[in-house]
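Here is the structure we will look at.
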Amino acid sequence: MLRLYNTLSRSIEEFVPLEPGKAGMYCCGPTVYNYAHIGNLRTYVFEDILRRTLRFNGFTPFHVMNITDVGHLESDADEGEDKMEKGARREGLDVWQLARKYEQAWLDDMARLNIERPEVICRATEHVQDMIELVERLLERGYAYAANDAIYFDTSKFSDYAKLARLDLRGLQAGAGGRVQLTGEKRHPNDFALWFTNRPRHIMQWESPWGRGYPGWHIECSAMSMKYLGPTFDIHCGGVDHIPVHHTNEIAQSEGATGQPFVRYWLHGEWLLIGSEKMSKSTENFLTLASLAEKGFDPLAYRYLCLQAHYRSELRFTLDALEAAQNGLRRVYSASPERETLNDPSAFADARAEVLAALNDDLNVPQVVGLLNRYGSHRLWLEFDHVLGLDIAGRTAPDRGELPAEVAALIERRNAARRERNWAESDRLRDELIAMGYEVGDGPTGTTVRKRPV
RNA sequence: GGCGCCGUACCCAAGUGGCUAAGGGAGAGGUCUGCAAAACCUUUAUUCAGCGGUUCGAUUCCGCUCGGCGCCUCCA
């Protein structure tokens, strides 16, 4: 039985899908105006673990993820500058080129982290018509009103508005340093734009029944998730930051349009911290996967680090912690299949059940990893690598390709030196091989050389 | 101003109202080795920020204090 923490109820619930054997999930994807940082990536790793866990439990996931390639204003304030436009100017590209460039960079990062590709990856710019239709329905049903600068969602018409985030709307308005307030032509402070109009300086614009304009930043997720998954679907994921605004607004506009419950299980991933603070683009205290690779780290070492903390806990990232993860992963890869510790079928079955119970307890992957390390069974690691995604089978395969001729020659020279007990020359050649990324070991059965797995 | 989270060994990090407080890394010792590396074995918190309370019993529940942080605004 798979149990998941549902933000909606603030409790752990048994996962029962709408349709037996299936699991529909929608996860908020990247805004493609810059590289993703490893904090963003942590959330995608969590979502990947979730989809793999669903499948491990016999559910067939149908996973939808969006690409936000539509520009949005930096803030609700009228004069905010759009991130896409800002990025395009920075790089001397047009906004469309910029979006494609960072979409590809993001896909590359996902692949390097061994994150499975969702069944649907959808671009906001290719679903503008769906968004327009959704806004029309909201207008028809009286949940939206047209002003000069935008079509707004009327939060006063939606009684459950604060449900997900358990917002204290009155409290929000009382303080917040004046940040929650009436801007533009909104009727209520919490109202939000569904479709912007009369903003001639904005580059990305589309025709609509209300004139040229562009979508508000929440509407794409409602339009695309319901298009591919139906008005009600199983799981919606994202970072914890999305609870109070983005997901709250998604629920309002989706349920307002359909009159049906939107999402059954809401799951949110916690922050990656750096220097005890949230990793964030705006404060520039962030790292990319590429920058870690430059420092010699394997992307899967970062994945392994993520797996050692629970998705609902903040993870304090340091290079030391990453190095510890990489060292630990190296040992997982070098565990010898010949020394299997769980040969007895019933012992294996018991261990498997114990690990699965930990996994199904709201994805307690740190517990899973702990148990796998304790059992030290190669078979059990391989079994759960379907969920962990550490490519253990690939990295431990004995036939990792022929050694390059250059390497083979060095080994031959070293063997000759060793036969002559020329230790100085032998050690020098060994250092050379190590520098080239190989592990060199002299044992009773001779010398073994292999590429370092991590 | 409102809402909320966290504080477990040198580092990262699970966990529980009562069995030895997981696991990984690092450190220390050992086996092996020409020396190493890798691997393997052993070892490292009488204690869970502090102080009170509830309880037969609390690290785990409650309260307070100290310290760190998040959201309410674009944000994974």
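Every chain is numbered from 1 and lettered A, B, ... according to where its sequence line falls, protein lines coming before strand lines. Below, all heavy atoms of this structure are taken into account, side chains as well, without hydrogens, waters or symmetry copies.
- On the P atoms, B:rA38 is 30 Å away from B:rU46, given to the nearest whole Å.
- The closest side-chain heavy-atom distance from A:Tyr35 to A:Lys101 is below 4.5 Å.
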Q: Go through the steps for A:Ile49 and A:Leu307 under the test side chain to side chain contact (heavy atoms under 4.5 Å, CB included), then give the verdict.
A: CA-CA 9 Å; A:Ile49 292 292; A:Leu307 301 188; 3.5 Å; yes

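- If A:Leu315 and A:Glu270 are placed on RNA chain B by their nearest nucleotide, the residue sitting closer to the 5' end is A:Leu315.
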Q: Under the salt bridge (Lys or Arg N to Asp or Glu O under 4.0 Å) rule, what do A:Asp234 and A:Arg264 come out as? Steps first, then yes or no, please.
A: CA-CA 5 Å; A:Asp234 294 311; A:Arg264 307 172 65 237; 2.8 Å; yes

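- Evaluated for a side-chain hydrogen bond (donor to acceptor under 3.5 Å, both in side chains) with A:Asn66, the options A:His127, A:Arg123, A:Glu220 yield exactly one hit, A:Glu220.
- In this structure, of B:rG34, B:rC72, B:rA76, it is B:rC72 that holds the atom nearest to the side chain of A:Val245.
- The aromatic ring of A:Tyr44 does not stack onto the base of B:rA76, failing the criterion of a centre distance under 5.5 Å from the six-membered base ring together with planes under 30° apart.
- Where A:Val440 and A:Leu305 meet RNA chain B, the nucleotide closest to each residue was compared, and A:Leu305 sits on the side nearer the 5' end.
- Straight-line distance from the NE2 atom of A:His310 to the C1' atom of B:rA14: 10 Å, rounded to whole Å.
- Taking atom CH2 of A:Trp381 as the reference point, atom P of B:rG23 lies 13 Å away to the nearest angstrom.
- If you take atom C1' in B:rC3 and the same atom in B:rU73, they sit 16 Å apart, rounded to whole Å.
- Phosphate proximity of B:rG25 to A:Arg331: present, with a side-chain N or O under 4.0 Å from OP1 or OP2.
- A:Pro244 comes within 4.0 angstrom of the backbone, heavy atoms only, and of no base.
- If you take atom P in B:rC6 and the same atom in B:rC10, they sit 23 Å apart, rounded to whole Å.
- In this structure, A:Leu322 places its CG atom 13 Å from C1' of B:rC11, rounding to the nearest Å.
- Atom-to-atom, CZ of A:Phe297 to P of B:rG25 comes out at 15 Å; the value is rounded to the nearest Å.
- For B:rA21 and B:rC74, the P atoms lie 49 Å apart once the distance is rounded to whole Å.
- No cation-pi contact links A:Arg187 to A:Tyr152, judged by a cut-off of 6.0 Å to the six-membered ring centre and 45° from its axis.
- Comment: A:Arg303 engages A:Asp48 in a salt bridge, judged by a side-chain N to carboxylate O separation of less than 4.0 angstrom.
- Contact annotation: side chain of A:Lys278 to base of B:rC75, donor-acceptor pair present below 3.5 Å.
- Between A:Asn364 and B:rG15 there is a side-chain polar atom (N or O) within less than 4.0 angstrom of OP1 or OP2.
- B:rC41 and B:rC5 are spaced 42 Å apart, taking the P atom of each and rounding to whole Å.
- One can place OH of A:Tyr161 at 12 Å from P of B:rC72, the figure rounded to the nearest angstrom.
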Q) Using Watson-Crick and G-U wobble pairs with both distances under 3.5 Å, what is the 5'-to-3' dot-bracket string of RNA chain B, with [ ] for crossing pairs and | for pairs outside the strand? A) (((((((..(((.....[....))).(((((.......))))).....(((((..]....))))))))))))....

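- The CD atom of A:Glu314 sits 13 Å away from the P atom of B:rC12 (whole-angstrom rounding).
- In this structure, the nucleotide among B:rA14, B:rA76, B:rC74 sitting nearest to the side chain of A:Lys83 is B:rC74.
- When A:His242, A:Glu250, A:His246 are each tested for a side-chain hydrogen bond (donor to acceptor under 3.5 Å, both in side chains) with A:His218, only one passes: A:His246.
- Residue side chain A:Arg316 does not reach the base of B:rC69 through any donor-acceptor N/O pair under 3.5 Å, judged by distance alone.
- Of the candidate nucleotides B:rA76, B:rC75, B:rC12, B:rC75 has the atom lying nearest to any side-chain atom of A:Trp217.
- Both cation-pi conditions hold for A:Arg379 and A:Phe348: the charged atom is under 6.0 angstrom from the six-membered ring centre and inside a 45 degree cone around its axis.
- Summarising the geometry, the separation between NE2 on A:His37 and C1' on B:rA76 is reported as 7 Å, rounded to the nearest angstrom.
- Taking side-chain N and O atoms only, A:Ser334 has no distance below 4.0 Å to OP1 or OP2 of B:rA38.
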(Q) Please evaluate residues A:Phe297 and A:Leu319 with respect to the criterion side chain to side chain contact (heavy atoms under 4.5 Å, CB included), reporting the C-alpha separation (whole Å), side-chain torsions for both, the decisive distance (0.1 Å), and the verdict. (A) CA-CA 10 Å; A:Phe297 290 105; A:Leu319 287 177; 4.0 Å; yes

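- Residue A:Ser313 places at least one side-chain N or O closer than 4.0 Å to OP1 or OP2 of B:rA14.
- Residue A:Gln308 is in base contact, counting any heavy-atom pair closer than 4.0 Å across all strands shown.
- Comparing B:rU47 with B:rA9, their C1' atoms are spaced 9 Å from each other, to the whole Å.
- At a threshold of 4.5 Å between non-hydrogen side-chain atoms, the residues A:Asp431 and A:Arg428 do not count as touching.
- A:Ser426 comes within 4.0 angstrom of a nucleotide base, judged by non-hydrogen atoms across all strands.
- Of the candidates B:rA13, B:rG15, B:rC35, the closest approach to any side-chain atom of A:Arg430 belongs to B:rC35.
- Here the side chain of A:Ala324 is nearest to one of B:rA76, B:rC69, B:rG24, namely B:rG24.
- At the heavy-atom level, A:Gly238 lies under 4.0 Å from the strands shown only through sugar-phosphate atoms.
- Contact of A:Asp427 with B:rG34 (side chain to base): a donor-acceptor pair of N or O atoms is detected under 3.5 Å.
- Going from the P atom of B:rU8 to that of B:rG4 covers 23 Å, rounded to whole Å.
- With P as the reference atom, B:rG70 and B:rA58 are 35 Å apart, rounded to whole Å.
- When the options A:Phe286, A:Tyr302, A:Phe317, A:Tyr44 are evaluated for a ring pair (Phe, Tyr, Trp, His ring centres under 6.0 Å) with A:His37, the one that passes is A:Phe286.
- In the set B:rG15, B:rG25, B:rA38, the nucleotide with an atom closest to the side chain of A:Asn327 is B:rG25.
- The CD1-P distance, from A:Ile67 to B:rA76, rounds to 12 Å in whole Å.
- For A:Arg374, the side-chain atoms get nearest to B:rA22 when compared with the rest of B:rA13, B:rG70, B:rA22.
- Remark: the A:Asp320 side chain and the B:rC12 base include no donor-acceptor N/O pair separated by less than 3.5 Å.
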